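First up is the structure itself, then whatever we jot down about it.
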Amino acid sequence: MRPTYLKMIHPLYQKHLEHQLSQAQLLFLSVIIEVLQSLKQVKAELIATALPLPILFESRRKKLQRLLSLKALNMKRIWFPILQDWLATTFPDSDHLYIALDRTNWDNLNLLMVSLIYRNRAIPLYGEFLNKLGSSNLSEQIRVLSPVLALLKSYRVVVLGDREFCSVLLGDWLGEQGVSYVLRLKETTSFQKNGKFESLNKQGLKPGTSFFFKRVKVTQQVKSKTFNVAGKWKRTYQQTSVAEGWYLLTNLESKNEAIVAYKKRFDIEEMFRDFKRGGYNLEDSQIRGERLNSLMLLLFMAYFQATMTGQKFKRQNLQKYLGRPEQKRRNTRRHSSFYLGLYCRDWIPFWHQCWEMVEKLMQLSPNKLPYYQRGMRAMKLILSTF
């Protein structure tokens with residue numbers, strides 16, 4: 001039976017971590033994840049300040065440092081088994097899984113990451129900090145993709161990448177792994193058409209048009225196999241126009257399949273925003289080295305837990321208490337599952353502190369009592385997850 005003091009962390013975390021960490025380490029890690037969710041900050045000084053331990057501040061700070069220095073906090077050793085268990089219960093083996101390869105940077109940190117596109121969001125799978133600034137190269141891309149493809153070997157995987165990952169050599173390598181891919185090409189890329197090489201931007205692509213070339217040679221400089229090339233420029237709609245079209249390198253067999261797949265890539269941008277100002281303020285962290293890798297693992301865990309909690313709230317129809325309601329004609333959601341799972345904590349904590357005033361407000365509006373009672377039930381359901 002699951003201990004009541006661990007009910008706040010995701011059950012998968014306890015299942016896998018209790019074999020990797022001591023009981024004290026597991027409990028402390030669980031406390032840190034809760035602090036991250038409430039604090040929405042990953043700066044070590046702020047985490048140490050907020051840790052609810054009755055010890056000196058300096059002792060809390062050193063305790064945090066010791067946990068982040070544990071060799072057991074390894075992405076492949078801890079995070080991959082959790083993901084594998086979750087994938088097995090969430091996706092049938094026959095499912096297509098779309099994974100996005102992308103990179104983000106702040107200050108002098110450069111993070112290359114692979115994420116799973118899931119319900120219009122991205123779930124982080126694996127990432128590495130590059131020991132340089134600027135774009136990644138082929139060997140670095142293969143290094144972060146290889147463990148993820150091994151993890152997802154029982155699924156049909158489609159890899160998505162923007163113009164940084166448009167190398168035909170990466171396409172060759174992905175094809176050799178038996179993986180589908182859609183990689184965005186630069187518009188100046190040349191391909192062979194009717195025996196001659198032409199630039200993609202000379203193919204007459206304009207708003208509302210598209211094209212698809214099958215099994216053509218791409219670029220003159222690299223000796224590689226042939227690829228499919230898709231082009232798509234979204235049409236102008238209600239005076240809203242897109243500045244440029246897409247040119248896509250793919251081994252998918254149809255234009256529509258390639259375009260629908262590539263659209264999913266943009267969900268990773270939302271995840272990066274959640275990691276930064278939209279959620280955990282990762283760019284404010286002053287941690288470096290191996291401790292930063294451990295912190296990134298905890299961040300992955302916190303993000304996943306918040307997202308799963310938000311989905312639970314949606315299934316219970318509680319989202320209307322935590323954010324603005326959705327509109328039928330609105331193309332984008334106002335609040336993601338991650339937002340609901342993270343920011344629900346901003347509504348609940350003041351309940352006990354202000355209860356006498358809230359109770360008096362309800363007494364002054366007896367006609368609103370049924371609404372208050374429904375809201376109280378919603379609060380209790382939300383509290384039951386903590």
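We use all heavy atoms of the structure for the numbers below, so side chains are in, but hydrogens, waters and symmetry mates are not. Predicted, not measured: the structure shown is a model, and the values here were computed from it.
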Given ring pair (Phe, Tyr, Trp, His ring centres under 6.0 Å), test F213 with F227 step by step and report yes or no.
CA-CA 8 Å; F213 298 107; F227 304 89; over 10 Å; no

So, does [X] use its side chain to make a donor-acceptor pair with the main chain of [Y] at under 3.5 Å?
X    : Y    : value
S190 : F197 : no
Q14  : P11  : no
T307 : Y303 : yes
T209 : K206 : yes
N110 : G134 : yes
T226 : V216 : no

Just how far is it from atom [atom1] of [X] to atom [atom2] of [Y], taken to the nearest 0.5 Å?
X    : Y    : atom1 : atom2 : value
L73  : M296 : CG    : CE    : 13.5 Å
Q203 : E187 : CD    : CD    : 12.0 Å
I259 : S210 : CD1   : OG    : 5.5 Å

Is E45 paired with R60 through a side-chain N to carboxylate O contact shorter than 4.0 Å?
no

Electrostatic pair E164-R265, nearest N-O below 4.0 angstrom:
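R265 and E164: not salt-bridged.
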
Do [X] and [Y] touch side chain to side chain, with heavy atoms closer than 4.5 Å?
X    : Y    : value
V179 : V158 : no
H96  : Y98  : yes
M113 : P124 : yes
R103 : Q141 : no
S22  : F28  : no
V218 : T189 : yes
Y126 : K76  : yes

Crowded around E18 CD? As in, over 12 foreign heavy atoms under 6.0 Å?
yes

How about NZ on K153, more than 12 heavy atoms from neighbouring residues, nucleotides or ligands closer than 6.0 Å, or not?
no

Path from [X] to [Y] over hydrophobic side-chain contacts below 4.5 Å:
X    : Y    : answer
L295 : L64  : yes
I123 : L145 : yes
I142 : V148 : yes
V157 : I117 : no

Between [X] and [Y]: side-chain donor-acceptor atoms closer than 3.5 Å:
X    : Y    : value
R215 : N228 : no
N137 : S139 : yes
S180 : R156 : no
Q37  : Y280 : yes

Taking the six-membered ring for Trp and the single ring otherwise, decide whether the centroids of F266 and W246 are under 6.0 Å apart.
yes

Minimum heavy-atom separation for [X] and [Y], please, with both atom names.
X    : Y    : result
F57  : T49  : CE1-OG1, 3.4 Å
G161 : Y262 : O-CE1, 3.4 Å
L183 : L160 : CD2-C, 4.3 Å
V182 : A258 : CG1-O, 3.8 Å
L116 : F91  : CD2-CE1, 3.9 Å
A302 : L36  : CB-CD1, 4.3 Å

Dump the intermediate steps for ring pair (Phe, Tyr, Trp, His ring centres under 6.0 Å) on W86 and Y118, then the final yes or no.
CA-CA 12 Å; W86 174 70; Y118 176 66; 5.1 Å; yes

When you measure from the centre of the six-membered ring of F191, is the NZ or CZ of K217 closer than 6.0 Å and no more than 45° off the axis?
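Judged by the rule (NZ or CZ under 6.0 Å from the ring centre, within 45° of its axis), K217 is not positioned above F191.
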
Begin with the C-alpha distance, continue with both residues' side-chain angles, and end with the deciding distance and a verdict on salt bridge (Lys or Arg N to Asp or Glu O under 4.0 Å) for E269 and K264.
CA-CA 10 Å; E269 303 294 345; K264 299 177 183 293; over 6 Å; no

